[in-house]
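A short write-up of the structure that comes next.
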There are 2 protein chains.
Amino acid sequence: MSDININIPEVSVDCVIFGFHATDLKVLLLKVDDSEYWSLPRGAVSRKESLGMAASRVLEETTGIGNVFLQQFQTFGAVDRYKHYSKEQTKAVLESSKKEATESLSYQSTISIGYYALVDFEKIAPPFKEYQWCAISEIPNLLFDHNDFVDMALVALRKDLRYLPIAKLLPEKFTLRDMQNLYETILDREFDRRNFHKLLMRYEFLIKLPEKRKGGANKPPNLYKIDVEKYETALQDGISY
Amino acid sequence: MSDININIPEVSVDCVIFGFHATDLKVLLLKVDDSEYWSLPRGAVSRKESLGMAASRVLEETTGIGNVFLQQFQTFGAVDRYKHYSKEQTKAVLESSKKEATESLSYQSTISIGYYALVDFEKIAPPFKEYQWCAISEIPNLLFDHNDFVDMALVALRKDLRYLPIAKLLPEKFTLRDMQNLYETILDREFDRRNFHKLLMRYEFLIKLPEKRKGGANKPPNLYKIDVEKYETALQDGISY
DNA sequence: TAATTAGTGCGTAAAATTTACACTAACTGT
DNA sequence: ACAGTTAGTGTAAATTTTACGCACTAATTA
C-alpha cells in the first residue's frame, strides 16, 4: 500500500466495473469490511502516476482485476457527495473498517474521477473483500454518490460503444452471437442475426478460428478473435454499428 | 477572491473557450501578467461549490465571461503536466505574476478538470488580463499541457455536437445560416443548405420569429429562436445531425 | 435415426435515410 | 432600374438499413 505522503489529498478514482456474460449486464459492488454498506471500488491517486494508471492500480488492489480496458467517463465534484448516507454515517462506516483506516484516502474525498470497464464476470472473482455482481436495475443504495456514477457510466458506455475497442470487452475467443449479445445488452435493443453478421464482416477485423464452441444442443458456433491491426485501422476510419 | 483554506489543494478547473463567429473557430488564451507566456483560463476549486459552479466562477473571474454553457470533457492527471515549459519555468512564470501570487492555486496543480464552452467571440471582450482569440491551427505553446486540453476539447465538442443543447451555443436569435455555419465550422465539413434546413425542421424545436435580419445586400434571412420545451423533449429522444 | 435446435451464408425486397440539384424572391449599392 | 448577393423552397435518385426467406450444416436428444 502506498505511502500517505505521495497521494493527492481528497482526490480519488472510483470504478464502475460492468460485468458482461451471455445477456446479463451487472456491476461489481464491494462491501466495506465489517459493515452492510456497499460501494464501488475506489482509491487514492498517487502523485507518481497518471490517472489511468491510478485507476488500473486501484482496481487491481481492491478487486484483483487486472489488465482491463478502463475508460474515464466523468469527474464528480465537491459538494453534496453524500446521497443515501450522510457524511457522518459514511465517516463512521469507513473508519470502522480496518482496511480503510490504514489508507490515506478517507471518507473525505471531494473530487472523484470516474472510470468504467467491461469484463466477463464469470471469469472474475475478487479475492479480497466481499463482493457482489449486481444487476443494473437492482443496485442498492451505495455510499457517496456512487449510484450516480453507475448511471453516468452506463450513459457513457452506450455513447462510446460506437467508437471503442470492443476487442477489450470480450474474451479473446468469442462467437458472433457473443458479440451480438454484447451489443444488444448494452444498447438494450435487438439486431437481426444475419444483418449483424454482415455488418461485422464488412469491417474485416475478425479472424475466424479453426475452433468451434461445443456443448449446446445445436450446431457448434465458430470462434473468432480480433485482428488487432485491422481493427485499429477500422477505428481510424470510424466504425459504426 | 476566495480564502485559501476553502480550496481543494492541487485541483484546478481549466477552460477551453471556443469563440465562434461567422465561420471562424478560435480559442481564448490569456497572457500571464508581466510575461510572454500564454495559458488557458484556470483556477482553483472551492470545497463549497460543484465542479460546474467552479468552472463558471473561474471563467467569470479570469475573463469576465459569464452565463455560458460549460461542458466537462476530460480530467487530466498527475504526471508529465509540463509539456512545452519545464516545471521550473512554469513556477518562475507564475510566481512573478502578482495576480497568481495572491491566489491559492500555484503552478502545482496536479489534477485539472477540463471544461469547454462555445461563445460568440465578437461579443466577448475579457476586461482583466491580456488575451487573444487564437485560431485553432495557430495556437502557440501553452503552459502545462494546455495544448492537449485544446485538442481533446475539440474532439469532445465534435462528438457532443450531436447531443448537446445547441441552444446555448448561439445567440438568442439566429438565422438558419448561423446554425449551419456553426455546424460546418465545428465539424469541418459542408452541408447542403436545403438538406440542413429540412433536417433541422424535422425536430420542430425552432420557432420562426416575425423578424428578419436586415443589413446585408440580399434577401433578409428569417430569425429563429429555440423552443426550449420542445428542445428538451427532442434531446431525450436523441437528436442527430 | 428422426426430430430439434441453432449457426452459416446467400439473396432480395421494402423502408428509411441521405444526397444531389435549380429556380424565384428580397434586399443593397450603384 | 439593374446588377450582385444570399434566402427560401421541393422532388427524384442513390444509398443504406432493415426485414426476412431459404438452403445447408452440425450438433443434441428422444
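Quick note on labels: first sequence line is chain A, next is B, and so on, each numbered from 1. Everything numeric in this text was worked out from a predicted model, so none of it was measured.
- Between the CZ atom of B:F196 and the C1' atom of C:dC21 there is a distance of 19 Å, rounded to whole Å.
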I'd like a table of atom pairs between the protein and nucleotides 12-14 of chain C - only N or O on both sides, under 3.5 Å - with the distance next to each one.
residue: C:dT12; atom: O4; partner: A:K198; partner atom: NZ; Å: 3.4

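- For B:R81, the side chain to side chain donor-acceptor pair (under 3.5 Å) test picks out B:S112, B:D145, with sequence neighbours left out.
- Summarising the geometry, the separation between CD on B:Q180 and C1' on D:dT6 is reported as 12 Å, rounded to the nearest angstrom.
- Look at A:R202 and you'll find a side-chain N or O under 4.0 angstrom from OP1 or OP2 of D:dT17.
- Atoms CD (A:E211) and C1' (C:dG7) sit 17 Å apart, rounded to a whole Å.
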Enumerate donor-acceptor pairs with a distance under 3.5 Å from any side-chain N or O in residues 207-215 of chain B to protein atoms, sequence neighbours excluded.
residue: B:E211; atom: OE1; partner: B:K173; partner atom: NZ; Å: 3.3
residue: B:E211; atom: OE2; partner: B:K173; partner atom: NZ; Å: 3.0
residue: B:R213; atom: NH1; partner: B:D178; partner atom: OD1; Å: 3.4
residue: B:R213; atom: NH1; partner: B:D178; partner atom: OD2; Å: 3.3
residue: B:R213; atom: NH2; partner: B:D178; partner atom: OD2; Å: 2.8

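- Remark: P of C:dT8 and CZ of A:R177 are 10 Å apart, rounded to the nearest angstrom.
- Partners of B:Y115 by ring pair (Phe, Tyr, Trp, His ring centres under 6.0 Å), not counting sequence neighbours: none found.
- In the set C:dT8, D:dA7, D:dT9, the nucleotide with an atom closest to the side chain of A:P221 is C:dT8.
- Distance, A:M201 CE to C:dG7 C1': 12 Å, rounded to whole Å.
- Whole-Å rounding puts the B:D178 CG to D:dT6 P distance at 14 Å.
- Of all non-hydrogen atoms in B:G114 and B:F149, the two that sit nearest each other are CA-CE2, 3.8 Å.
- Residues passing the side chain to side chain donor-acceptor pair (under 3.5 Å) test with B:Q180 are B:E184, sequence neighbours excluded.
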*Quick one: what's the B/S/- string for nucleotides 21-30 of chain D, heavy-atom cutoff under 4.0 Å, read 5' to 3'?*
BB--BBBS--
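- A:V45 approaches A:A54 most closely through the heavy-atom pair CG1-CB, 4.0 Å.
- Atom P of nucleotide D:dT9 and atom CG of B:D192 are separated by 14 Å, given to the nearest angstrom.
- Phosphate contact (OP1/OP2 of C:dG9, side-chain N/O of A:H197, threshold under 4.0 Å): present.
- Taking the ring pair (Phe, Tyr, Trp, His ring centres under 6.0 Å) definition, one finds that A:H197 meets it with nothing, sequence neighbours left out.
- The nearest whole Å value for the distance from the CD atom in B:E190 to the C1' atom in C:dT19 is 14 Å.
- In terms of the ring pair (Phe, Tyr, Trp, His ring centres under 6.0 Å) criterion, B:F73 has no residue partners (sequence neighbours excluded).
- Residues meeting the side chain to side chain donor-acceptor pair (under 3.5 Å) test with B:E49, sequence neighbours left out: B:R57.
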